[in-house]
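Only a predicted model underlies this, so the values are computations on that prediction, with no experimental measurement involved.
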Amino acid sequence: MSGLPAAFLDNMSRLLGDEFPAFVRAVQSPPVLGVRQNPLKLGGGSLRDFFPLALQPVPWCPDGFTCIPENHQPGKHPYHAAGLYYLQDPAGMAAVEMLAPQPGESVLDLAAAPGGKATHLASAMQNTGLLFANEIHPRRVWTLAENLERWGATHSVIANETPEKLARSLPAFFDRVLVDAPCSGEALFRRSPEATAQWSPAAVEQCALRQDEILTSAAALVRPGGALLYATCTFNPDENEAVITRFVRQHPDFRLVPPPPLPGAVPGRPDWVANDDLSGLEHTRRIWPHLAPGEGHFLALLQRQGDATPQPRAAQRTSRNVSLPVEAARLVDDFISR
């Protein structure tokens, strides 16, 4: 079927049964264009007041819309360069809505480039608190920085570190952690021939192993009472329900919790993995391209057990004294005071 990997189709046919034909039609149809407006710059205004295309609301994101690009190129419009909107898969907008960060919190986006979810976090946090946007790949950090700057995010720190190093340096520091995990990208097939060409059952297996490692580091970064959101843009249960099953078994201080309403999303599929009736797996969510706008996403919201009272940030700083040059210290103080 039009270049889709045979092993992928066989697996999805087995999993979806009667839904499979509708799923294939959706994956082979033109992708949906998603647009998310920037409330940091629009204030109480709406993108609908001036956007050159007709917009339809994304059911799970108040600032999100879909449109048919026709002959327009929204990514090259001056409004885009001004940071009034971000082009993002509508399914990807669900992650921040499900994590629900609050103004004033400390929030980590562990794999943040190119910046779709990071800019969404900045909007939800109303440019207050601390947004820590991390990206392990050095070249992608520059794209992340450009997008956050264009968005007008003034409360963000950008880092280029491994999850393991962050976990050692900032244990139990963040109120909320978002893990947009690297995955086999099955939901990207109709947008990206490269994703299709790189897919294989072996790649799925390797991604699942890496996701286990990333989640272990992410868990160490969440404070007691804090939240961890795991997201992928793949359909394979080996990278979704199975990863979450292993994580919860290995981290008994985390539990799956019911997410906020996500109209158009459906529950995860505990029956697709050997979970021994793991409690809470039904709280995970899936977005399917044949059921809702967007390419597809898997989402799991977990809470770390323990005292939910955030510690004062000053008490969480290390005792190591760092001597900075006078000018550097002045710049740091100026940044903190903003």
Side-chain angles (χ1 to χ4, degrees), residues 31 33-36 38 74-76 80-81 83 85-96 99 101 107-125 130-170 174 176-189 191-199 203-204 206-218 221 228-234 239 294-299:
L33 180 64
V35 182
R36 181 170 44 77
N38 185 355
K76 296 184 178 181
H80 181 266
Y85 60 84
Y86 193 100
L87 301 178
Q88 185 182 22
D89 171 27
M93 300 177 193
V96 172
L99 183 60
V107 179
L108 168 65
D109 188 347
L110 191 57
K117 293 179 174 66
T119 55
H120 197 173
L121 288 167
S123 297
M125 299 168 69
L130 170 66
L131 171 59
F132 198 110
N134 182 69
E135 174 55 45
I136 192 172
H137 299 288
R139 291 183 181 179
R140 287 167 58 85
V141 168
W142 295 106
T143 303
L144 171 63
E146 290 170 3
N147 283 326
L148 282 171
E149 180 182 27
R150 185 172 69 248
W151 199 251
T154 59
H155 68 315
S156 59
V157 170
I158 299 172
N160 172 217
E161 295 291 353
T162 65
E164 295 82 2
K165 185 172 181 181
L166 287 179
R168 292 193 301 268
S169 303
L170 297 167
F174 294 98
R176 301 176 200 258
V177 173
L178 171 60
V179 178
D180 187 14
C183 66
S184 61
E186 293 174 353
L188 305 179
F189 283 175
R191 287 184 182 271
S192 172
E194 182 181 4
T196 308
Q198 292 178 348
W199 185 93
V204 170
Q206 288 299 314
C207 285
L209 292 173
R210 181 57 179 148
Q211 290 153 2
D212 289 341
E213 296 172 354
I214 292 172
L215 271 176
T216 295
S217 296
L221 289 154
L228 171 63
L229 191 285
Y230 175 77
T232 74
C233 56
T234 196
E239 301 177 66
E295 304 304 292
H297 245 58
F298 173 84
L299 306 130

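In this structure, R139 does not pair ionically with E146, as no charged nitrogen and carboxylate oxygen lie closer than 4.0 Å.
Once rounded to the nearest 0.5 Å, the distance linking CD of E161 with CZ of F132 reads 7.5 Å. To the nearest 0.5 Å, atom CG of residue L148 and atom NE2 of residue H155 are 9.0 Å apart. How far CG of L299 is from SG of C233: 11.0 Å, rounded to the nearest 0.5 Å. Separating the CG atom in N134 from the NZ atom in K165 is a distance of 10.5 Å, to the nearest 0.5 Å. Here the OG1 atom belonging to T196 is positioned 10.0 Å from the CD atom belonging to E186, to the nearest 0.5 angstrom.
The shortest non-hydrogen separation linking Y85 to P74 is OH-O, 2.5 Å. Nearest heavy atoms, A118 versus A112: CB-CB, 4.4 Å. The minimum heavy-atom distance between S123 and R36, with the atom names listed, is OG-NH1, 4.4 Å. Across every non-hydrogen atom of A124 and P101, the tightest pair is CB-CG, 3.7 Å. Taking all atoms of both residues into account, the shortest heavy-atom contact from F189 to A195 is CE2-O, 3.6 Å. Across every non-hydrogen atom of L144 and G115, the tightest pair is CD1-CA, 3.8 Å.
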Would L229 and V177 satisfy side-chain contact (heavy atoms from CB on, under 4.5 Å), going step by step from the backbone distance to the final call?
CA-CA 6 Å; L229 191 285; V177 173; over 6 Å; no

Checking salt bridge (Lys or Arg N to Asp or Glu O under 4.0 Å) for the pair D180/K117: CA distance, chi angles, key distance, verdict?
CA-CA 8 Å; D180 187 14; K117 293 179 174 66; 3.2 Å; yes

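The number of heavy atoms from other shown groups lying within 6.0 Å of CD (E213) is above 12.
A donor-acceptor pair is defined here as one N or O able to donate and one able to accept, closer than 3.5 Å; no such pair exists between the side chain of S169 and the backbone of L166. When atom types are taken as modelled, the side chain of E239 and the backbone of C183 share no donor-acceptor pair closer than 3.5 angstrom. Proximity of a side-chain donor or acceptor of R150 to a complementary backbone N or O of H80 within less than 3.5 Å is detected. In terms of modelled atom types and a separation under 3.5 Å, the side chain of N160 and the main chain of E135 share a donor-acceptor contact. Between the side chain of Y230 and the backbone N or O of V179 there is no donor-acceptor pair closer than 3.5 Å.
Contact check for L121 versus L99: side-chain heavy atoms found under the 4.5 Å cut-off. Inter-residue side-chain proximity for L215 and L228 is flagged as met; some heavy-atom pair is nearer than 4.5 Å. A heavy-atom distance below 4.5 Å is not found between the side chains of L178 and L110. Side-chain contact between E295 and P31: present, with at least one pair of heavy atoms (C-beta onward) separated by less than 4.5 Å. Contact of the I158 side chain with the V141 side chain is registered, since non-hydrogen atoms from C-beta on lie closer than 4.5 Å. By the 4.5 Å heavy-atom criterion applied to side chains, L108 and L170 are not counted as neighbours.
None of V96, L130, V107 except one satisfies the side chain to side chain contact (heavy atoms under 4.5 Å, CB included) rule with M125; the exception is V107.
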